[in-house]
Amino acid sequence: MGQVGIEFKPPARERSSLPTARASGRSRRRQIKKTFNNLKITILCGLVTILVLRGTIGVGNLVGPADADSDQKVVEDIDRILREIRSDSDPDDEPPLDSAASNSTTFAATNVTTAATATDKNYTLGPKISDWDEQRRWWLADHPEFPSWIAGGKPRILLVSGSPPSPCDNPIGDHYLLKGTKNKIDYCRLHGIEIVYNLAHLDLELAGYWAKLPLIRGLLLSHPEVEWIWWMDSDALFTDMAFEIPLSRYDAHNLVIHGYPDLLEQQSWIALNTGSFLLRNCQWSLDLLDAWAPMGPKGPVREEAGRILTANLKGRPAFEADDQSALIYLLISQQDRWSDKVYIENSYFLHGFWVGLVDKYEEMIEKHHPGLGDERWPFVTHFVGCKPCGSYGDYPAERCLGSMERAFNFADNQVLRLYGFGHRRLSSPSIGRTRNQTTRPLEFKDQLNLQAKVSIG
Amino acid sequence: MLVRCFGERRVRQIQRALQRGKLTLLCLFLTVIVLRGTIGAGKFGTPEQDFDEIRHRLLPHRSLPQRALVEQQPDHTSSSSATAGATKPFITDEGDDDPPRDPNVPYSLGPKIFDWDKQRAAWLHRHPESPNFWAPNKPRVLLVTGSSPKPCENPVGDHYLLKSIKNKIDYCRVHGIEIFYNLALLDAEMAGFWAKLPLIRSLLLAHPEVEFLWWMDSDAMFTDMAFELPWDRYAPFNLVMHGWNEMVYDDKNWIGLNTGSFLLRNCQWSLDLLDAWAPMGPKGKVRTEAGKVLTSFLKDRPVFEADDQSAMVYLLVTQRDRWADKVYLESAYYLHGYWGILVDRYEEMIENYHPGLGDHRWPLVTHFVGCKPCGKFGDYPVERCLKQMDRAFNFGDNQILQMYGFTHKSLASRRVKRIRNETSNPLDVKDELGLLHPVFKAGVKLADAAVTGS
């Protein structure tokens, strides 16, 4: 293989670069032709690329899929609606609106040293009534079709609860308000009690926890046939469906509230709990409400009252006046006037602080039965400090919500077993049959005792 | 340098080889891409998937607010201690609740009862403290409603459910009616709109003292607080629904009646009706097939699985002789009122009419069919639904608030204002509608079940 003999041919272009006039014209034509060719190839390649891409990715998808769009639209709609809803709510932080004659908020003195001046003397819940007992007696005599007792001779009770008119900051809060309401409906249906659920701010000055005062007064005066008003917080759940309040114990009293007399003596700010209490429909109660209200009006009055309460009550943190501290202070400072008609109940959990109770439900199911109402089977489990409706509570949200679910199911089991069902686990909403269906269902009903032991898997 | 290394010719050969190599590689690459785009390269995916992934990563993906609560896992420590040595309290294990039912065996709501009227009469006789009539024309009624045990997908859904139940609590308090709010799925096969059937049956059998069971959807609201149902009109009937005879029996129209709000008497006839109604309900093939039958049989019905309302129309039409004489299709007032034709007229109603009429002039019930406030997607725009539900709620709430001297500032506003000054003689003042102590509540004497044992 001799490579030496191969003639080295110069590349074609070198040959054609021999300078002649014709050659340059020809070369330009060739260049143009080449450019055209290149262009053709480029366009062809471009077309092929687009076709291939369209086949694989799809040009339509460059705009965005329909699913995410409509999802997004719904989310935006809901957000906008929520903003509108919240903008319509009563401004809790703004100063009170135009004052009617009876509701002025003039602050008495700048230099406050006593509790008397830390209240708004000019604020009243309504026109003073002095003969309510008599008015009520006349009315009841005139209306025998609306007696103050129900079938069986039990005094007529009206359970009152409520929550703010706007959606909760935390959506799960509304879900637990709904469950809490169902829980109250169940207990009240079993015990012949009527319910009023309030979603309105009747008096803007007494907003927040104070809102119950004008509400309770309004209901007492509108419903003379009601013997007892039972206020219950929206975060309190019934956990003993069989327990009956021993009303005969309170014949000589007008206010029944859960608390500890020794703590009251020590002036502790948690000596009583106003999350669940009974108030008799009588003149004494109207007077109590009138004496209780002055620390409530929003603004400087409530702030100053808060300072007084913190100074006088043991363990109270610094914040504006709340109805519970104010009541404790009232009962301490005006003991002679009120305490003989106040029954401080702690033989059962008219209010049961949730922390010590929720973890023991399984143990209770094993060892005890409904109807006891005390630490063995709490009547009410009250989720103080949880605030599922708001954004910030005193406890971790998950713990609160999980515990509320357990308490709700614990109570629901006592209702569902009337129908032959039960929750499989206290943490789960799913239920299972506990009793086969029969063709003689009323035999079971006759045997059923609400106080019988509950069993659970 | 290369030239010196390899020699010129060699260099050119290498260059040519490289160029060819480049060409080859390019063609290979193109082939792979095209093949991947068309056939797909298994776990390496397709360009479409790539695109989706890139888009998702780059664009902020907005989703509805997450729920804080996640269902807890079974607490092993507590459950083991509770079941150690004890008999199992549940009839079936959790997994066994949905065994694949033999489709040849017809679905049954429960063991067939034949003598319910007799059983019930005997019980009522033994328990005179739990009567089924408060007065000759005032039967004992249980209003039944419910919603899903899970939080709503829509973040404001639960708030509207809360307002809806408050609305029902108010009407029922004024009229002496008891309420049962259901948050449990009693039978997994009858889920969705069919869930009311097993619930209604359980309640009828557990509450012999109840004369009428009033089912009401959670998206229906009372808008006439003063209207008392004409109970004497229904004495000869066992089922009362809103609807029109011609539309059901002649037209066979699937919306000829509405099962969102109806009355069912507690008697043997009703148990039989429930048994005849249920077979189209069981989830799965049965419900889908039944849906097809219903769509072809009924006028204007769209294609979807069997629903309880269409099934009721079908039942009444095909078994008219058996049921129709005890069914009353009420159209004199809005036992169910379709919201679309009512909500824009509230202001006109306030101006021209008054509560207590119950009909087109002042509807008893405004039913938000198709809105689905708890879910994400209904048949109507979310905003219109929620705004109108607010208005309907306030329209009804005004009638309750006026008892205490208040009213909403406007139908769209949550805020309230006083309409009546307080006085020191509150009992001399009568509320305009007379709802504080209405005549129709006079005889109702609720009892304490724990005491009476009912």
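A note on names: the letters A, B, ... follow the listed sequences, proteins ahead of strands, and every chain is numbered from 1.
For A/D412, no part sits under 4.5 Å from any heavy atom of chain B, backbone or side chain. Both the backbone and the side chain of A/Y197 come within contact range of chain B, each with at least one heavy atom under 4.5 Å from a heavy atom of that chain. Residue contact with chain A, scored on non-hydrogen atoms closer than 4.5 Å, involves the backbone and the side chain of B/Q119 alike. If you measure heavy-atom distances from A/R440 to chain B, the contacts under 4.5 Å come from both the backbone and the side chain. Of the atoms belonging to A/W132, it is side-chain heavy atoms, and not backbone ones, that fall under 4.5 Å from chain B. The parts of B/F180 that come within reach of chain A are both its backbone and its side chain, each placing non-hydrogen atoms under 4.5 angstrom from that chain. With a threshold of 4.5 angstrom between heavy atoms, A/Y187 does not approach chain B through any atom at all. Residue contact with chain A, scored on non-hydrogen atoms closer than 4.5 Å, involves the side chain of B/R201 exclusively. A/L177 touches chain B through backbone and side chain together, each having a heavy atom under 4.5 Å away. For A/T181, the part sitting under 4.5 Å from any heavy atom of chain B is the side chain, from C-beta outward, and nothing else. For B/L30, no part lies under 4.5 angstrom from a heavy atom of chain A. In this structure, chain A has a heavy atom under 4.5 Å from the side chain of B/I165, while its backbone stays farther away. Within the 4.5 angstrom heavy-atom criterion, only backbone atoms of B/L109 (N, CA, C, O) approach chain A. With a 4.5 Å cut-off on non-hydrogen atoms, A/E194 touches chain B through its side chain but not through its backbone. Using a 4.5 Å cut-off between heavy atoms, B/S147 touches chain A through its side chain atoms alone.
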Q. When you look at A/L219 and B/Y404, which way does the side-chain contact (heavy atoms from CB on, under 4.5 Å) test go after all the steps?
A. CA-CA 8 Å; A/L219 289 169; B/Y404 308 109; 3.7 Å; yes
Practice item. Might you work through the side-chain contact (heavy atoms from CB on, under 4.5 Å) test for A/S430 and B/L185, ending with a clear yes or no? Key: CA-CA 7 Å; A/S430 81; B/L185 182 59; over 6 Å; no
Apply the test side-chain contact (heavy atoms from CB on, under 4.5 Å) to residues B/N425 and A/Q135: give CA-CA distance (whole Å), side-chain angles for both, the deciding distance (0.1 Å), then the verdict.
-> CA-CA 8 Å; B/N425 288 308; A/Q135 286 193 41; 3.2 Å; yes
Is there a side-chain contact (heavy atoms from CB on, under 4.5 Å) between A/F146 and B/L436 once you walk through the steps? CA-CA 11 Å; A/F146 288 100; B/L436 276 173; over 6 Å; no
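A salt bridge does not link B/K441 to A/E225: none of the charged side-chain nitrogens sits closer than 4.0 Å to a carboxylate oxygen.
Rounding to the nearest 0.5 Å gives a distance of 9.5 Å between CG of A/D174 and CG of B/L161. The line from OG of A/S161 to NZ of B/K166 is 11.0 Å long, rounded to the nearest 0.5 Å.
Both the sub-6.0 Å distance and the 45° axial angle are not jointly satisfied by A/K179 relative to the ring of B/Y181.
Within a 6.0 Å radius of NZ in B/K118, other residues, nucleotides and ligands contribute 12 heavy atoms or fewer.
The heavy-atom pair separating B/R414 from A/P167 by the smallest distance is NH2-CD, 4.1 Å. Residues A/P171 and B/D158 come closest through the heavy atom pair O-OD2, 4.4 Å. The two residues B/F406 and A/L202 come nearest to each other via the heavy atoms CE2-O, 3.4 Å. Heavy atoms only, all atoms of each residue included: B/A206 and A/L418 are closest at CB-O, 4.3 Å. B/E422 and A/P127 get closest at one heavy-atom pair: CB-CD, 3.4 Å. Taking every heavy atom of both residues into account, A/R189 and B/I179 meet most closely at NH1-O, 2.8 Å.
Taking the six-membered ring wherever Trp is involved, the centroid distance between the rings of B/H207 and A/Y419 falls below 6.0 Å.
In this structure the side chain of A/K445 never reaches within 4.5 angstrom of the side chain of B/H127, judged on heavy atoms. In this structure the side chain of A/S222 never reaches within 4.5 angstrom of the side chain of B/L427, judged on heavy atoms. In this structure the side chain of A/D131 never reaches within 4.5 angstrom of the side chain of B/S424, judged on heavy atoms. Side chains of A/P441 and B/W116 form a contact here, defined as non-hydrogen atoms less than 4.5 Å apart. Side-chain atoms of B/P208 and A/L442, non-hydrogen and from C-beta on, do get closer than 4.5 Å to each other.
Relative ring orientation between B/H437 and A/H143 is described as tilted, the plane-to-plane angle lying within the 30° to 60° band.
When each of B/K417, B/K163, B/R126 is scored by its heavy-atom pairs under 4.5 Å with chain A, the top score falls to B/R126. The candidate with the highest count of non-hydrogen atom pairs below 4.5 Å against chain B, out of A/K128, A/H223, A/E443, A/R136, is A/H223. Comparing B/R418, B/M403, B/E383 by heavy-atom pairs within less than 4.5 Å of chain A, the highest count is held by B/E383.
Residues satisfying the side chain to side chain contact (heavy atoms under 4.5 Å, CB included) criterion with A/T49, sequence neighbours excluded, are A/L53.
Between the side chain of B/R173 and the main chain of A/I195, a donor-acceptor pair closer than 3.5 Å is present.
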